[in-house]
Amino acid sequence: MPTARSSFLAAAEARGYIHQVTDRAGLEERLAAVPMVAYIGYDCTADSLHVGNLVQIMILRLWQSCGNKPIVLMGGGTTKVGDPSGKDEARRLLSDDEIAGNMASIRRIFDRFLRFGNGPTDAIMVDNATWLDRLAYIPFLRDIGRHFSVNRMLTQDSVRLRLEREQPLSFLEFNYMVLQSYDFLELARRHDCALQMGGSDQWGNIVMGVELARRVDSRSLFGLTTPLITTASGDKMGKSVQGAVWLAAHRMAPYDYWQFWRNTEDDDVGRFLRLFTELPLDEIARLERLEGGAINDAKRVLATEATALCHGREAALAAAETARRVFAEGGVGEDLPSIEVARAELERGIAVIELLARSQLAPSKSEARRLIKQGGARLNDRAIASDTQSVGLADISAEGTIKLSAGKKRHALVKAV
């Protein structure tokens, strides 16, 4: 990994992190002169971030490794408004307690990726409710709102797309870009933050923040966006058969997270190794040249390295070993996702579609039926012939578990308690 501050842009570009920069030459010059402070904002709409947030997390990690200071801005204030970007309808409004709980859970994710502390390059986490909750409405409109043109705000993708689809856009949501711009100004004033980074859908909001600081404080700030990550087949990054690919272990087991990366399409392996691991670029170049069945070795490396960053090396190696035992030896890995079922229930017998749904191998009973009819469901490695089949104590294996499978790569254990 690079260590010189001025190497940040070159390293970020080489790994595929950069989509747009407001002033590339100016940012390069500033980076060469002094350590800089940059931030990325995250709203607290759930108790975990997901793989769609991972590029931004990785670029913050790179920023810190290059000798700069990252700020993780938690949207304790903006979560109460809701970012309309990429949404056809307003988010559910959360209570203060829900937002606080989500924020605490998200902090634990960042502890894996960043070094927090009081040093000059240590990361800090800041809550924008600190200043947004205290704003007086009329003075804010007078001092800040006058710098925003409604005509221009209507051209921003977050607003324009909603209006073109004739989907309601509340006045509350319309204010989001003003509040995000104000966040940048406040972080510049409080922490000398000079760079905001974010996804490509945030470009308009970031530029508005740069312009607001220039007009109000005559500050020179910078913006940088990362590209929207799609798979080789054109799908948006971050979805699996089970739904969102969460970064918190209580939302998605490390084994399932490992399997998500192991199932990467062949054409994405090199790109994802650059984006989501810290392997040297020459090693990545070697791995992406592998062909045929050997590309699976590169996928296993990707899965293990990405999982190690998110869940720790021990969990990553355990997931890799479980996968080896399940697939190479046909056994049952201890690290497989599992559910507990009362022994009394098994004595009576449980419908197999119920267990497939409970174990999240199928999102619903109807999907479990469809899986069985398509021949993709297995019980203890034997095909399930009927969706009326019942599972009982007689199905418990010598290892003391019942193994359920959906296809060849997704498995779960049922444990009697």
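Note that this is a predicted model, so its numbers are computed, not measured.
Using a cutoff of 4.0 Å between basic side-chain nitrogens and carboxylate oxygens, Arg271 and Asp268 are scored as salt-bridged.
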Test side-chain contact (heavy atoms from CB on, under 4.5 Å) on Leu179 and Trp131; report intermediate values, then the result. CA-CA 10 Å; Leu179 298 178; Trp131 53 84; over 6 Å; no
Chi angles and distances behind the side-chain contact (heavy atoms from CB on, under 4.5 Å) call for Asp133, Lys80: CA-CA 10 Å; Asp133 282 359; Lys80 300 171 185 176; 2.9 Å; yes
Can you list the steps and then say if Val178 with Met208 is a side-chain contact (heavy atoms from CB on, under 4.5 Å)? CA-CA 8 Å; Val178 179; Met208 283 188 168; over 6 Å; no
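In Glu265, the CD atom is crowded: over 12 heavy atoms of neighbouring residues, nucleotides or ligands sit closer than 6.0 Å.
At least one side-chain heavy atom of Ile40 sits under 4.5 Å from a side-chain heavy atom of Ile59.
To the nearest 0.5 Å, the span separating OH on Tyr176 from CG on Asn205 amounts to 7.5 Å. From Leu132, atom CG reaches atom OG1 of Thr130 across 8.5 Å, with rounding to the nearest 0.5 Å. Atom-to-atom distance recorded for Thr78:OG1 and Gln180:CD is 8.0 Å, nearest 0.5 angstrom. Atoms CD1 and CZ, from Ile229 and Phe276 in turn, are 5.5 Å apart once rounded to the nearest 0.5 Å.
Minimum interatomic distance between Trp261 and Leu54 (heavy atoms only, all atoms of both residues): CZ2-CD2, 3.7 Å.
Among residues two or more places apart in sequence or in another chain, the side chain to side chain contact (heavy atoms under 4.5 Å, CB included) test is passed with Ala194 by Arg30, Met36, Leu221. Every residue two or more places apart in sequence or in another chain that forms a side chain to side chain contact (heavy atoms under 4.5 Å, CB included) with His191 is listed here: Ile71, Ile124, Val126, Leu187. With sequence neighbours left out, the side chain to side chain contact (heavy atoms under 4.5 Å, CB included) criterion links Asp217 to Leu185, Arg189, Arg219. Remark: Pro280 pairs with Asp282, Glu283 by the side chain to side chain contact (heavy atoms under 4.5 Å, CB included) rule, at least two apart or across chains.
Counting only distance, with no hydrogens or angles, the side chain of Asp127 and the backbone of Ala129 share a donor-acceptor pair below 3.5 Å.
For residues 354-379, there are no ring pair (Phe, Tyr, Trp, His ring centres under 6.0 Å) pairs, not counting sequence neighbours. Residue pairs meeting the salt bridge (Lys or Arg N to Asp or Glu O under 4.0 Å) criterion with at least one partner in residues 308-317, sequence neighbours excluded, are Glu305-Arg313.
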